[in-house]
Amino acid sequence: MNYFPDEVMEHVFDFVTSNLDRNAISLVCKSWYRIERFSRRRVFIGNCYAISPERLIARFPGVKSLTLKGKPHFADFNLVPHDWGGFVYPWIEALARSRVNLEELRLKRMLVTDDGLELISRSFVNFKSLVLVSCEGFTTDGLAAIAANCRFLRELDLQENEVDDHRGQWLNCFPESCTSLVSLNFACLKGDINSAALERLVARSPNLKSLRLSRAVPLDTLQKILVRAPQLVDLGVGSFSHDPDSETYNKLLTTIEKCKSMRSLSGFLEVAAYCLPAIHPICSSLTSLNLSYAPGIPGSELTKLIRRCRKLQRLWILDCIGDKGLGVVASSCRELQELRVFPSDPYGVGNAAVTEEGLVAISRGCPKLNSLLYFCQQMTNAALKIVAQNCPNFIRFRLCTLDPVKPDSSTNQPLDEGFGAIVQSCKGLRRLSLSGLLTDQVFNYIGMFAEQLEMLSIAFAGNSDKGMLYVLNGCKKIRKLEIRDSPFGNIALLRDVGKYETMRSLWMSSCDVTLGGCKTLAKKMPRLNVEIINEIDEMEACNDDGQKVEKMYLYRTLVGPRKDAPNYVWTL
Amino acid sequence: MEKQGVVGLEITTELRLGLPGGAAKPSSNKRVFSEISTVEGKGSTREPKAPAKNQVVGWPPVCSYRQRYSFNKEKGDGAEATAGSKAYVKVSMDGALYLRKIDLSMQKGYSDLAFSLEKLFGCHGIGEAFNEGEGAEYKLIYEDKDGDWMLVGDVPWEMFMESCRRLRIMKKSEAKDIAILQTRDFLKGTLKDDN
C-alpha cells in the first residue's frame with residue numbers, strides 16, 4: 001500500500017543499491033515493482049544466455065550500467081573453444097536501437113568486436129566507462145573509436161584481454177577536449193605506444209586516479225607521467241629497467257617521493273631488480289601490490305620491498321618468493337586480506353615452488369586473511385587444519401597443487417581432512433577450489449558444513465556419484481559448480497534435476513555422464529540449456545546414448561536454446 | 001623387413017586419474033629460498049631429474065593470458081629467454097650447412113612456426129609435416145626438456161613452447177631410421193619397408 005507518491009518511493013529506493021534487495025522490493029506489490037523497475041540503474045547478468053537483451057530493456061529501460069559475463073570459467077584454461085559464444089554485439093545493438101542511455105559496460109569472457117566498440121562509441125552519448133576482462137576479438141582500432149567518440153569517457157579498463165594490436169595511434173585519438181579520464185588501464189596491449197601522446201593525455205586529465213601501462217612504456221616516460229600526475233592512487237608500471245646511475249633514474253626517485261597518494265602498484269612487466277629501490281619510499285602506504293607479472297625478481301629484492309609494505313591488504317606474487325619469503329610477508333603484512341601465489345614454472349619440477357610451510361606461516365601472521373589463491377608443490381592435512389584454525393574468515397579459498405592428485409606429502413593420505421577443516425571453520429566460505437588426492441569424503445564435509453558456498457571447482461577428485469550428490473544435496477546456496485575429470489555420472493546428474501534451476505550453471509568435462517543422461521535431463525527441464533561441446537566426431541556422437549560426454553555445460557535460462565552456437569555445440 | 005621394437009615413448013599429454021607416473025618423486029626437501037638472477041641466469045642448481053610430469057590440458061589452472069604472458073619470461077629449462085621477451089631455439093635442417101635460430105615467442109602457433117621455418121630455410125613443405133599421412137617431405141621434431149626427441153604437433157602450442165629446447169627439420173629419407181616415427185607407423189598399421 002502506498003501512502004507516498006511515486007517520486008518519494010523512488011527516492012527511498014535510491015538508497016537501496018544491492019540488486020538482491022531491489023529484487024525483493026519488486027516482489028512486494030505491483031506498484032513497487034513498477035517504480036523499482038523504472039529506477040533500476042545497474043544490472044548484473046552473470047550469464048549472457050540466461051536472458052535476452054530485449055527482455056532486459058523491457059524490464060529496466062532506465063538501465064545505465066550493464067555487466068555481462070559470457071564463457072564459463074573453465075574457458076580460462078583452454079577447455080572451451082574460442083568461438084563457443086558470448087558475443088556482445090547483439091546486446092549493444094539492442095541497447096542502441098532502444099535508445100538506452102548506457103553509461104557503463106562491464107564485460108567478462110565475451111567476444112567483442114571493433115564494430116561493437118564503434119557502435120558503443122557512436123550510440124551512447126553519455127558513455128563513461130568500459131571495462132573488459134578476459135575478452136577477445138577486438139583490436140586497437142576499436143579502442144581508437146572509443147577514445148575518439150566518447151566525449152565524457154571516465155574509465156577505460158582492459159584486464160587480461162587478447163587484443164590484436166594494430167600499432168595504430170589509438171592514444172592519439174583522444175581529442176584535446178577529453179579531460180575526464182579517471183581510470184586508464186592498457187597493460188595487456190603488446191604494441192608500441194606513442195609516449196608523447198600518452199604524456200599529453202595524462203597532462204590534461206586532472207582527475208586521473210588509476211593508470212596501468214603496457215610493457216612498451218619505458219621508464220623515462222613513466223617518470224614524465226608521474227610528474228604530471230602525482231595524485232595517482234593506482235599505478236601499473238610498464239617497463240622498469242634503466243641505468244641506475246642516469247639522470248632519468250635520479251629524477252624518478254624524486255618524482256616518486258611526491259606520489260603521496262599511491263596505494264596500489266602493479267605491472268613491472270619488464271623489470272630490472274636493481275631499479276626496485278626507487279619505489280621504496282611509497283611502500284609504507286601501499287595497500288595493494290601485484291608483482292605476479294614481474295619476471296625474475298630475486299627473492300632478496302622481493303623481501304626488501306615487502307618488509308616496507310606494512311599496510312598491505314592485497315598481495316599477488318609469484319611462487320619464486322618461496323616459503324621463506326612468505327614468512328617475511330607473514331611478519332610484515334599484518335593487515336593482509338588477500339593473497340595470491342602464482343606458479344612461475346607451471347610445468348616444471350618445481351624448483352621455485354612454495355609448500356604448506358609458506359601457507360602456515362601466512363596464517364599465523366595474517367589473521368585477517370579472507371581470500372586465497374595458492375599454487376603449491378605440496379600440501380598436508382595438518383597444515384590445512386592449522387590454517388583453518390588461524391584464519392576462520394575465509395570467503396574465497398582456492399588451493400592448487402601443481403600435481404592435481406597429490407596426496408598429503410607427509411602421510412600420503414588424501415587431503416579430505418584438511419579441506420574438511422577449512423569448510424568447518426570458515427563459516428562464511430563462498431568460493432572453494434579443491435586439488436590434491438581427494439575422495440568422496442571431502443564432498444561429504446562440504447555438503448555438511450559449507451552452508452554459504454556459492455562456487456565450487458572440482459578436478460580429478462572423488463570416487464563415485466556419492467561425491468557429487470553430497471554437494472548437490474548439502475550446499476543450499478551453490479550457484480556455480482564446475483567439475484572436470486571426476487567419476488561422477490548420470491546417477492548424480494539426474495537425482496535432483498530441479499536443483500539446477502536454483503543455480504547459474506553446471507560444467508562437467510571428462511566425467512562419466514553419458515549422452516543419454518544429458519538428453520534425459522534436457523527433456524525434464526525445459527528451462528535449462530544443456531549444451532554438449534564436441535569438437536571431434538561432430539556427427540557420430542549424436543547417435544550413441546551410452547557414450548560419455550566430453551564436455552557438458554548447462555545453465556538456466558528464460559529464453560530457450562541460443563541461436564548463435566557453433567556447429568560443434570548442441571543444445572539438447 | 002626388420003621390425004623395430006616399440007620404443008617406450010611416454011605420451012606426456014595422456015589424461016589419467018590417480019597418481020601420475022611410475023617412479024616415486026624424490027622426497028620433498030625443504031624448499032630452499034631460491035635466488036633467481038635477473039641476468040639471464042639459469043636459475044638455481046638443478047634438482048635431480050624427476051620423472052616427466054603427466055602434462056594435462058588446463059592444469060595447473062592458470063588462465064591462458066597469464067600462461068602466454070608468463071612463458072616469455074621463463075628461463076632455464078625451456079627455450080632460452082632473457083627477462084623480457086624472446087625464446088630463441090636452434091633449428092637444424094638436414095642438408096643445410098649451418099643452423100639457424102628462431103624466436104618461438106613470436107610464433108602464434110604451429111602453422112605460423114611452419115611458415116617461419118619455410119622462410120628461414122627457403123624451402124617448401126614443412127607445413128605438410130603436420131598432416132597425418134605419408135606425403136610430407138619433411139618431418140619436424142624437437143628436443144624437449146628431458147632430452148627426448150619428440151614429434152612437433154602433439155601437444156598444445158603453449159606446452160610445446162615451454163618444453164622445446166631445439167628443433168630439427170628432418171628429410172623424409174632420414175626419418176625411417178628414427179624410432180619415434182616407426183612407432184607411429186607401426187601403431188597405424190602401415191609399417192614401411194626399409195629400402
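These numbers were taken from a predicted model, which means no experiment stands behind them.
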Novice: Can you tell which part of A:Glu160 gets under 4.5 Å to a heavy atom of chain B, answering side chain, backbone, both or neither?
Specialist: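 Both parts, backbone and side chain.
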Novice: Who wins among A:Leu79, A:Asn78, A:Leu373 for the most heavy-atom pairs under 4.5 Å with chain B?
Specialist: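 Counting heavy-atom pairs under 4.5 Å, the top option is A:Asn78.
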Novice: With a 4.5 angstrom heavy-atom cut-off, could you sort out which part of A:Ser292 is near chain B: side chain, backbone, both or neither?
Specialist: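 Answer is both: backbone and side chain atoms of A:Ser292 are under 4.5 Å from chain B.
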Novice: Checking heavy atoms, do the side chain of A:Phe342, its backbone, both or neither come under 4.5 Å from chain B?
Specialist: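 Just its side chain gets close to chain B.
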Novice: Which one of A:Cys400, A:Ser239, A:Ser457 has the most heavy-atom pairs closer than 4.5 Å to chain B?
Specialist: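 Option with the top pair count is A:Cys400.
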Novice: Centre-to-centre under 6.0 Å for B:Trp59 and A:Phe77, is that the case here?
Specialist: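 Not under 6.0 Å, so no.
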Novice: Does the side chain of A:Ile321 come within less than 4.5 Å of A:Val329's, by heavy atoms?
Specialist: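 A side-chain contact under 4.5 Å exists here.
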Novice: Is a side-chain donor or acceptor of A:Asn161 paired with a backbone partner of A:Leu132 at a separation under 3.5 angstrom?
Specialist: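 Pair found, side chain donor or acceptor close to backbone of A:Leu132.
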Novice: How long is the straight-line distance from CZ of B:Arg168 back to NZ of B:Lys139, given to the nearest 0.5 Å?
Specialist: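 Here the rounded value is 14.0 Å.
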Novice: Tell me whether the centres of the aromatic rings in A:Phe74 and A:Tyr553 are closer together than 6.0 Å.
Specialist: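 Centroid separation for A:Phe74 and A:Tyr553: 6.0 Å or greater.
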